[in-house]
Amino acid sequence: MDLRQLSTINALSDAVTVCEYQGVKVIRVIHPMVEAGISLHGGHLLWFKPAGEKDVIWLSEKAEFDITKAVRGGIPVCWPWFGKAAVPSHGFARTSEWTLSQHRENDNGVIVTLTLEDNQDTRSIWPHKFHNQMTFEMSAELNVSLTSTNTDTHPWSYGGALHTYFNIADINAVSVTGMGAEYLDSTQAGKICHGNDTLTFNTETDRVYTHPQPTITINDQDNQRTILVTNQGNNAAVIWNPWQELSINMGDMANNSFETMVCVESTIHTPTIELQPGQTHTLSTRIAVQR
Ligand code: TA6
């Protein structure tokens with residue numbers, strides 16, 4: 001994403017500005033502690049850079065800002081289902097237009113809140129009333145939470161993920177720990193497998209870990225940093241790297257860009273979460289860099 005193409009629409013405060021990028025509205029945060037960008041299309045965090053750090057989140061250099069699609073990279077919000085459980089894949093939240101509802105700032109950083117409620121379009125795909133709130137707490141760390149409320153008169157169930165793409169120096173020198181042993185291998189039709197708790201990468205990897213620890217660690221050797229990903233409200237953690245062949249087949253990824261990304265996703269997989277009318281559940285991920 002070429003930030004020079006961002007045009008300012010409206011400055012909301014010292015740190016928060018509404019901008020436009022290729023027809024998509026982006027909330028831009030520039031604060032002494034942190035820089036970040038959040039697209040209202042998808043309620044999607046696009047970049048996050050604590051002061052003095054490299055970008056923590058990966059965004060494809062070929063990302064397409066097309067409102068019928070999800071942006072490749074950042075933190076897509078997969079909701080109300082994960083993957084191909086229904087159509088569209090990963091749900092409709094990541095291609096819906098969210099509303100900016102609040103922004104606050106102090107010396108430590110900025111908090112931005114977006115909301116998405118059911119409308120005619122969402123009800124034609126998924127016939128339930130809901131209220132979703134995404135809260136982005138941006139400081140030296142990033143805390144992203146998705147709170148879903150059942151505003152309907154009947155119970156409904158949902159799954160999904162905060163599908164975070166992390167920026168790494170070289171996938172060949174990365175290891176991930178803390179996911180537990182058991183996983184469903186999506187490259188083998190969801191076969192139940194057991195692995196080591198330390199995962200390295202040398203091929204397409206697409207796994208749903210079923211008993212993850214609360215904190216998953218990405219050891220990014222060549223960047224000389226460790227990224228701690230602490231998830232709550234999830235019952236699984238998905239780890240994904242498409243490797244070369246899939247990247248070549250994806251129009252919105254450069255052929256070798258799989259080398260600099262890995263997804264670690266705070267996921268609600270199986271069972272899904274059932275909410276009674278008026279009930280609420282929060283899925284979150286907290287991201288911290290250590291050197
Ligand atoms: O979370 C992993 C995954 O479900 C993979 O199977 C892969 O397809 C990826 O998400 C990206 O999905 P997308 O629909 O954004 O192309």
Side-chain angles (χ1 to χ4, degrees), residues 1 24 39 41-46 57-96 125-126 144 146 158-168 171 174 176 178-180 182-193 195 199 201 203-210 212 216 218 229 231 233-255 257-270 272 283-285 287:
M1 178 175 194
V24 168
S39 159
H41 167 61
H44 192 137
L45 182 126
L46 300 173
I57 302 297
W58 181 89
L59 182 63
S60 174
E61 64 198 73
K62 291 179 77 180
E64 293 165 11
F65 289 78
D66 167 346
I67 54 162
T68 64
K69 292 183 183 172
V71 175
R72 179 70 60 201
I75 310 185
V77 180
C78 304
W79 194 94
W81 52 81
F82 181 81
K84 298 190 167 45
V87 178
S89 178
H90 284 315
F92 52 78
R94 65 179 186 160
T95 50
S96 296
I125 302 171
W126 192 68
V144 178
L146 165 61
Y158 78 100
L162 299 171
H163 191 304
T164 311
Y165 289 73
F166 289 93
N167 188 34
I168 52 166
I171 190 72
V174 158
V176 181
M179 317 79 57
E182 188 187 272
Y183 63 91
L184 314 177
D185 191 340
S186 307
T187 69
Q188 298 185 66
K191 183 178 165 195
I192 300 175
C193 300
L199 174 65
F201 300 84
T203 185
E204 180 191 350
T205 303
D206 192 352
R207 299 180 175 184
V208 180
Y209 282 89
T210 52
I216 294 178
I218 304 169
V229 186
N231 300 325
N234 60 319
N235 56 20
V238 171
I239 313 281
W240 181 55
N241 182 288
W243 217 252
Q244 188 152 36
E245 200 183 320
L246 252 185
S247 303
I248 290 172
N249 290 333
M250 281 192 274
D252 55 4
M253 265 184 91
N255 293 355
S257 60
F258 71 95
E259 290 172 343
T260 57
M261 56 74 60
V262 65
C263 288
V264 176
E265 309 165 28
S266 181
T267 308
I268 298 168
H269 192 261
T270 319
T272 50
L283 174 69
S284 70
T285 191
I287 296 163

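The structure presented is a predicted model; accordingly, all values stated were derived computationally and were not measured. Order of listing sets the numbers, starting from 1, for every ligand and every atom in it.
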Close-contact set for ligand 1 against [X] heavy atoms, below 4.0 Å:
X    : result
V238 : 1 (O), 2 (C)
D206 : 2 (C), 5 (C), 6 (O)
F82  : 1 (O), 4 (O)
E265 : 1 (O), 2 (C)

Original post:
In Å, rounded to the nearest 0.5 Å, how long is the span from CG of L184 to SG of C193?
Top reply: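 Going from the CG atom of L184 to the SG atom of C193 covers 8.0 Å.
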Original post:
What distance do D206 atom CG and Y183 atom OH have between them, rounded to the nearest 0.5 Å?
Top reply: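 These two atoms lie 11.5 Å from each other.
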**OP:** Indicate yes or no: does an N/O atom of W240 lie under 3.5 Å from an N/O atom of ligand 1?
**Re:** no
Original post:
Within the structure, does Y165 bring an N/O atom to less than 3.5 angstrom of an N/O atom in ligand 1?
Top reply: no
**OP:** Verify side chain to side chain contact (heavy atoms under 4.5 Å, CB included) between H163 and E265, making sure each step is shown before the conclusion.
**Re:** CA-CA 5 Å; H163 191 304; E265 309 165 28; 3.3 Å; yes
Original post:
Using the ring of each side chain (for Trp, its six-membered ring), is W126 parallel, tilted or perpendicular to F92, with breaks at 30° and 60°?
Top reply: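 Plane angle between 30° and 60°, so tilted.
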Original post:
Taking the non-hydrogen atoms of R72, is any one of them nearer than 4.0 angstrom to ligand 1?
Top reply: yes
Original post:
Is the closest heavy-atom distance from K84 to ligand 1 below 4.0 Å?
Top reply: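 Contact absent.
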Return the closest protein heavy atom for [atom] as residue, atom name and distance.
atom                    : answer
atom 10 (O) of ligand 1 : H163 NE2, 3.0 Å
atom 3 (C) of ligand 1  : H90 NE2, 3.7 Å
atom 14 (O) of ligand 1 : R94 NH2, 2.9 Å

Original post:
Counting heavy atoms only, which part of R207 comes closer than 4.0 Å to ligand 1: side chain, backbone, both or neither?
Top reply: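 Neither; nothing of R207 gets under 4.0 Å from ligand 1.
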Subject >> Heavy-atom pair of closest approach, residues G42 and V77 >> reply: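 Closest pair (atom of G42, atom of V77, distance): O-CG2, 3.7 Å.
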Original post:
Looking at S60 and D252, what are the two nearest heavy atoms and their distance?
Top reply: OG-O, 2.5 Å
Original post:
Any chance the side chains of N234 and T267 put a donor and an acceptor closer than 3.5 Å?
Top reply: no
Original post:
Of the options M250, E64, K62, which is the one that meets R72 in a side-chain contact (heavy atoms from CB on, under 4.5 Å)?
Top reply: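 When side-chain contact (heavy atoms from CB on, under 4.5 Å) is applied between R72 and each of M250, E64, K62, only M250 qualifies.
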